[in-house]
Every structure is written in structure tokens, then in C-alpha cells.
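Here the structure comes first, spelled out in C-alpha cells, and everything after it is commentary.
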Protein chains: 2
Amino acid sequence: MLTIGTLAKRTGTKVQTVRYYEQVGLLPEPDRTEGGQRRYGDSDLDRLAFIRHARQLGFTLEAIRELLDLSDNPNRSCEDVDRIAHHQLKEVEVRITRLEALRKELTRMLGECSGDTVADCRVLEVLRDHAACLTDHGQGA
Amino acid sequence: MLTIGTLAKRTGTKVQTVRYYEQVGLLPEPDRTEGGQRRYGDSDLDRLAFIRHARQLGFTLEAIRELLDLSDNPNRSCEDVDRIAHHQLKEVEVRITRLEALRKELTRMLGECSGDTVADCRVLEVLRDHAACLTDHGQGA
DNA sequence: CTTACAAGCTACAGTCGGTAGAGGTTCAAG
DNA sequence: CTTGAACCTCTACCGACTGTAGCTTGTAAG
């Protein structure tokens with residue numbers, strides 16, 4: 001039987017986060033000691049490791065909830081798993097594209113800075129005037 | 001004199017967001033009509049455009065606050081502006097690196113999926129077992 | 001057996017950057 | 001004068017945690 005602290009340490013999670021996952025229903029309510037402290041088994045460890053790994057890959061908790069559901073039904077087709085992972089991949093690719101546009105614009109801005117006073121700072125100028133900006137960047141970051 | 005709606009439309013901002021920027025001190029408190037409605041001038045338009053543009057480039061509101069401060073003191077050296085922009089560039093680059101690792105891992109995971117049942121789904125397997133994962137991905141997304 | 005103290009507990013507030021809604025008021029056109 | 005779109009304030013909510021306050025429990029040493 002593991003304490004919450006041990007579980008957290010083994011999965012690289014904070015204790016509060018473990019409790020948070022329980023609160024939002026990603027982890028089942030564990031057994032408790034007489035005094036009310038949580039005690040976990042190996043299945044909890046596996047489940048939490050799964051969650052953490054999926055989080056590191058950028059899946060939302062909602063997606064992880066779905067993946068865990070699917071994982072609990074081994075007979076179903078893995079189509080849904082594929083769909084979720086593909087969706088995640090697409091999201092990642094969109095974000096990369098967007099960030100690369102930002103990198104380009106920031107680099108250009110910085111490259112053109114004379115290093116003089118704020119009055120003729122190229123960076124501020126670009127920020128002030130969108131027309132001076134080459135990138136057609138959309139919304140969000 | 002512009003209404004908040006007009007200001008919002010011209011800068012591609014939501015009305016609530018304009019009020020939010022005022023609340024957090026990024027926009028000054030504007031004049032009001034007798035009835036209490038906000039009325040803006042061109043300087044507000046410029047300032048809001050600056051904010052929106054910087055947001056599109058991924059700057060935090062805190063960084064934007066600093067940039068606006070610097071922008072108001074044209075005699076200062078633009079070193080600080082440079083520093084902020086460089087910091088932002090670095091952040092963007094870190095995020096790109098990270099997302100590219102994720103893309104790689106997700107692609108690999110998906111490429112290896114047999115398309116069969118959940119029981120032997122490669123995607124879930126990778127999520128279950130970090131050792132099956134090539135990428136040394138850190139934390140966050 | 002007692003004491004000390006790390007680690008656990010609950011409950012709630014805060015983070016970031018907005019967004020949404022309720023319920024009421026004002027402005028401008030017809 | 002009436003209509004109705006746009007405005008107002010206030011409050012709560014999103015995701016995914018993180019931090020704090022104030023208290024209780026578990027365990028190891030003396």
C-alpha cells in the first residue's frame with residue numbers, strides 16, 4: 001500500500017495534483033486508513049503513470065478520460081484511440097506552424113533593431129504598426 | 001469619439017476583453033458619457049492595437065505592460081525592449097522544440113498502430129509504458 | 001510510552017487571459 | 001415617444017493545476 005506522497009514521487013506528480021485527479025474523476029477514490037489517509041495500490045500507480053505520460057504528450061484531461069475508458073474495454077476497435085491521437089497530432093502541428101511564424105517575425109524584428117533609443121526602436125515600431133509586420137499571424141499564441 | 005463596440009471591432013477584440021484590459025490597467029480609464037458609457041479617442045485605438053499585436057506575437061500581458069511603459073519613454077535605451085523580445089523569442093523556440101518532440105512521438109505511435117482492437121493498440125501501449133516511448137519529453141505541453 | 005515532526009487532511013483562493021451570462025440602463029434612429 | 005441594439009456592472013466559469021491556512025495522523029526515536 002502506497003501513501004499519496006510515494007505515489008506522487010514515483011510518477012513525478014505533485015500530491016495536490018493527485019488529489020485533483022481524484023476530484024475530477026480521473027483516479028478512483030482510494031482506500032483510506034482509519035485516520036482518513038489515502039492508500040494506493042499498483043493499479044493506481046499504473047493509471048496515474050498513464051495519465052502523466054499522456055499529459056506530457058499534450059493530451060487534455062478530457063482526451064485522457066476517453067483514452068482510459070477505451071483502455072478499459074480491450075475488445076473494442078482501436079479506431080477511437082486513433083482518432084483521439086490523430087486529433088492531438090493535428091493540434092500539435094497547428095501550434096508548431098503558428099509558433100514558427102512567430103519565431104520568424106520576432107527574429108526579423110530583433111535583427112532590425114539599431115540598438116539605439118526607444119524612440120526609433122524597430123521592435124516597438126513593428127508592434128505599433130501591423131503594416132510593418134510581414135507575417136499574417138492569426139489569433140492566439 | 002468611439003464607443004467600446006467600435007473600438008473593439010476596429011482592433012479585432014471582444015468588448016469584454018477591452019473592459020478586461022482596462023480592469024487590469026493596460027488601458028486607461030476612458031471618458032464617459034453622462035449616462036456612464038465609455039468613449040474612446042485615437043490614442044486608445046493605437047494603444048489597443050499595440051496590445052493586440054503583441055498578444056498575437058505571444059507576449060504575455062505582463063511583458064506588454066513593460067513594453068508600453070518603455071514606449072512611453074522614448075529617450076530610454078531600447079535595451080530593455082530588446083531583452084523582452086529576446087526572452088519572448090527564446091520562449092517560442094523552447095515551445096517549438098518541445099512540440100516537435102511531441103509530433104515525432106505521436107507520429108511514431110500512430111504509424112505503428114495495427115488498426116485492430118484496443119487490446120493490442122500500440123498507441124495505448126506507448127501511453128501505458130513510458131519505456132516504449134523513444135522521446136525524452138519533459139513536462140507540460 | 002511519549003514526544004516530535006514529517007506528511008497527511010480539507011477547503012478555499014489564485015494563476016493566465018480571457019469568455020459568458022444575468023439583469024438592468026442608455027443611446028440613437030424612426 | 002417608442003423600440004431595440006448596444007451599453008453597463010457584477011459574478012461565475014474555463015483548463016490544469018498550484019499554494020496556503022489551519023488542523024490531524026502516522027511513525028520513528030528516545
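Below, chain A is the first sequence line, B the second, and so on; all start at residue 1.
- Computed from coordinates, the Tyr20(B) OH to dG21(C) P distance equals 19 Å when rounded to whole Å.
- Regarding contacts with the backbone of dT18(D), a side-chain N or O of Thr17(A) is found under 4.0 angstrom from either OP1 or OP2.
- Note: CG (Leu26(B)) to P (dG17(C)) measures 9 Å, nearest angstrom.
- Rounding to whole angstrom units, CZ of residue Arg52(B) and P of dG17(C) are separated by 11 Å.
- No more than 12 heavy atoms of other residues, nucleotides or ligands lie within 6.0 Å of CG in Asp42(B), so this atom counts as exposed by the packing criterion.
- Distances shown here put every side-chain N or O of Thr3(A) at or beyond 4.0 Å from the OP1 or OP2 atom of dA7(C).
- Distances from the side chain of Gln16(B) to the nucleotides dC7(D), dG18(C), dA20(C) place dA20(C) closest.
- Thr33(B) contributes atom OG1, which lies 10.5 Å from atom CZ of Arg38(B) (distance to the nearest 0.5 angstrom).
- Side chain of Ile4(A), nearest nucleotide from dG8(C), dT18(D), dG17(C): dG8(C).
- Looking only at atom types and distance, the side chain of Arg52(B) has a donor-acceptor partner in the side chain of Tyr21(B) under 3.5 Å away.
- Follow the hydrophobic side-chain contacts under 4.5 Å out from Val24(B) and you reach Ile64(B) in the same cluster.
- Within the 4.0 angstrom heavy-atom criterion, only backbone atoms of the sugar-phosphate kind lie near Arg38(B); the bases stay farther away.
- Of the side-chain N and O atoms in Arg32(B), none sit less than 4.0 angstrom from OP1 or OP2 of dC27(C).
- Under 4.0 angstrom from either OP1 or OP2 of dA20(C) there lies at least one side-chain N or O belonging to Lys14(B).
- Following rounding to the nearest Å, Leu7(B) (CG) and dC8(D) (P) show an atom-to-atom distance of 11 Å.
- Whole-Å rounding puts the Leu2(B) CG to dC27(C) P distance at 16 Å.
- When every heavy atom of Leu26(B) is checked against every heavy atom of Arg47(B), the shortest pair comes out as O-NE, 2.8 Å.
- Phe59(B) has its CZ atom 17 Å from the C1' atom of dG17(C), to the nearest Å.
- One can place CZ of Arg19(A) at 12 Å from C1' of dT20(D), the figure rounded to the nearest angstrom.
- Between Tyr21(B) and dG17(C), a side-chain N or O to OP1/OP2 separation shorter than 4.0 Å is absent.
- In this model, the phosphate group of dT26(C) is not approached by any side-chain N or O of Thr33(B) to a distance below 4.0 Å at OP1 or OP2.
- Atom CD of Glu34(A) is separated from atom P of dG8(C) by 19 Å (rounded to the nearest Å).
- Comparing Arg39(B) and Gln23(A) against DNA chain C, the residue whose closest nucleotide sits nearer the 5' end is Gln23(A).
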